[in-house]
Amino acid sequence: MPLQWFLKYRPKSLNEVENEDEAKKELTEWIESWLKGNPSYKAVLLYGPPGVGKTTLAEALARDYKLELFEMNASDSRNLNDIRSMAERASVTGTLFGIKGKLILLDEVDGLNARADAGAIDAIIELINKTKYPIILTANDPWDPSLRPLRNAAKMIELKRLTKYPLKRILKKICEAEKIVCEDEALDFIIDQSEGDARYAINMLQGVAEGYGRVTIDMAKNLVRKKDRELDPFEALRSVFWAKYYWQAKSAVTDTQIDYELLLRWLDENIPLQYTDMEDVWRAYDALSRASIFLNRAKLVGWDLLSYTFDLMGPGVAFASFEKKKPTYKAKWVKYQFPQYIQQLAKTKETRDALDSLLRKIGVIIHASKDKTLNDFLPLFVIYYKKFHDKLDKELELTEKEKDVIKMLSSLYEGITEQPKEEERKETTERKRSTYYRRKKS
Ligand SMILES: Nc1ncnc2c1ncn2[C@@H]1O[C@H](COP(=O)(O)OP(=O)(O)OP(=O)(O)O)[C@@H](O)[C@H]1O
């Protein structure tokens, strides 16, 4: 599958980054103060609208100064522990990292949800206080009140929206490198629609070029929409399932701000509603499962892999339908459903919280992680609890909700492990036998 152009043509060095001269100057002065051993600030907060080069600048800086980049998406609340453990490691220089120079990049700190990610801002502040390495934070909107501690702790550097000429240079370079004919007027049109967002402009260029092989004003007018409000989940699903072209399905998943994982759930819920042929359904789930694998790898290895997730979630699911290839095909209008999984999560939140805190309490005593406690130790604990509940209630200070969870688990495990008693077994066999004969007679 083709690599997304905005990744393929991402500037490798500060020189190649268009427009942001002031920001580049401030960034290089800052990094040089670090290299001289006397940092003016421990961290900078790069902020500005989407697609103007925040991540690009951080990556180019690391490359120019030969610093190893340690990149993490801060808005993913599951990274909270990683931020904490990074704070520990970043407080020690040199040998522990193996490499001398290192640059820490925490992307999208404004994506932190102050309530859901409680503790994340504190963890970042702790990281900034302890760090022996430079840190770059990025945000689209740094003015949220919950981000004030970060604004105080970091040097703020603003990136401006890209103007027409830098954007045109970016697009022209790509047209030349890809050897595609691009009309000037068409590039101007794309730029007008993109509101200074280079990623959007490049995506649109790629969409038109892949759809038609050339980029003319008529084609651009046909295909490029104003960088608009984000698609809501229902629109995003409809655009994926009804897509006629690869690029349409792809921009349906990239033009929505719904969390990628949530979008996977939406697709998961609605594939069998939209597709009626079982083989189409099978192929769509196959693409979706691969999208999920790439999403997990992207979190571990690097966000560049996200591009494959988009390919599989969008075009992968859209063209799983062979029905679509028939000339008579007409997309079926269906009422999409909210993912059951999310509803279940909401319903079971209290129980899951109680299980979480129970695991944490046990984990502290046996010195094991939450996962290890859950998988290896919990069944034993539940058996042990039956005999020693008074002692354990006191020692672990168990709440009523936690006790309920243990009761629930206990009956669950019993159901799985206990063999039916001899009489029950006989009774069941007798019942089955008589039902069989009754059916046979009738
Ligand atoms: N100033 C620039 N010069 C050259 N290319 C740019 C510039 N800004 C952005 N781009 C192009 O746009 C793509 C997206 O940019 P980038 O990911 O750095 O944006 P961002 O500001 O971090 O956006 P977001 O806030 O959405 O994460 C880059 O991969 C690059 O191809």
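As the structure lists them, so they are numbered: ligands from 1, and atoms in each ligand from 1. Treat the numbers as computed from the prediction; the structure is a model and nothing was measured.
Across all their heavy atoms, Ala291 and Thr309 have their closest contact at O-CG2, 3.4 Å.
Any N or O atom pair closer than 3.5 Å counts here, and Leu7 shares no such pair with ligand 1. Residue Trp5 has no N or O atom closer than 3.5 Å to an N or O atom of ligand 1. Polar contact with ligand 1: absent for Glu108 (N/O pair, distance under 3.5 Å). Geometrically, ligand 1 and Arg10 share a nitrogen or oxygen pair separated by less than 3.5 Å. Taking only nitrogen or oxygen atoms, main chain and side chain alike, Glu16 does not reach within less than 3.5 Å of ligand 1. At a 3.5 angstrom cut-off on N or O pairs, Val17 does not count as close to ligand 1.
Closest to atom 24 (P) of ligand 1, if we only count protein heavy atoms, is Arg199 NH2, 3.4 Å. For atom 16 (P) of ligand 1, the closest non-hydrogen atom on the protein side is Thr56 OG1, 3.4 Å. Remark: minimum distance from atom 23 (O) of ligand 1 to any protein heavy atom is reached at Gly51 N, 2.9 Å. The protein heavy atom nearest to atom 30 (C) of ligand 1 is Phe6 O, 3.8 Å. With respect to atom 10 (N) of ligand 1, the closest heavy atom belonging to the protein is Ala198 CB, 3.5 Å.
At a 4.0 Å heavy-atom cut-off, ligand 1 touches Ile170 through the side chain alone. Contacts of Pro11 with ligand 1, taken as heavy-atom pairs under 4.0 Å, involve the side chain alone. Of all the heavy atoms of Leu162, the ones lying under 4.0 Å from any atom of ligand 1 belong exclusively to the side chain. Counting heavy atoms under 4.0 Å from ligand 1, residue Thr55 touches it through both backbone and side chain.
In summary, of the residues considered (Val17, Val44, Asp64), a side-chain contact (heavy atoms from CB on, under 4.5 Å) with Leu27 occurs for Val44 alone. With Ser357 as the partner, the side chain to side chain donor-acceptor pair (under 3.5 Å) test is satisfied by one option alone out of Lys401, Glu402, Arg352: Glu402. For the pairing with Ile104, the side-chain contact (heavy atoms from CB on, under 4.5 Å) check across Thr131, Leu69, Ile136 returns one residue only, Thr131.
Listed by chain and number, the residues in a side-chain contact (heavy atoms from CB on, under 4.5 Å) with Lys370 are Asp356, Leu359 (sequence neighbours excluded).
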Determine all donor-acceptor pairs shorter than 3.5 Å in which one atom belongs to a side chain in residues 33-40; sequence neighbours excluded.
residue: Ser33; atom: OG; partner: Trp30; partner atom: O; Å: 2.6
residue: Ser33; atom: OG; partner: Ser40; partner atom: N; Å: 3.0
residue: Trp34; atom: NE1; partner: Tyr41; partner atom: O; Å: 3.2

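Atoms of ligand 1 found under 4.0 Å from any heavy atom of Lys54 (numbered from 1 in listed order, with element): 18 (O), 19 (O), 20 (P), 21 (O), 22 (O), 23 (O), 24 (P), 25 (O). Close contacts of ligand 1 with Glu18, meaning ligand atoms under 4.0 Å from a residue heavy atom, involve 1 (N), 2 (C), 3 (N), 4 (C). Heavy-atom contacts of Asn140 reach the following atoms of ligand 1: 25 (O) (cutoff under 4.0 Å).
The CG atom of Leu300 lies 9.5 Å from the CG atom of Leu305; values are rounded to the nearest 0.5 Å. Atom CG of Leu267 and atom OH of Tyr285 lie 9.0 Å apart (nearest 0.5 Å). Here OG1 of Thr351 is found 12.0 Å from CG of Leu358. Values are rounded to the nearest 0.5 Å.
Ring pair Tyr308/Phe294 is tilted by interplanar angle, where 30° to 60° counts as tilted.
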Item to complete: For side-chain contact (heavy atoms from CB on, under 4.5 Å), just list the numbers for Asp184 and Lys168, CA-CA rounded to whole Å, side-chain angles, deciding distance to a tenth of an Å, and then say yes or no.
Response: CA-CA 9 Å; Asp184 245 32; Lys168 193 138 176 199; 3.3 Å; yes
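Of the listed residues (Val52, Leu57, Ile202), the one carrying the non-hydrogen atom nearest atom 8 (N) of ligand 1 is Val52.
A salt bridge links Lys403 with Glu400: at least one charged nitrogen is closer than 4.0 Å to a carboxylate oxygen.
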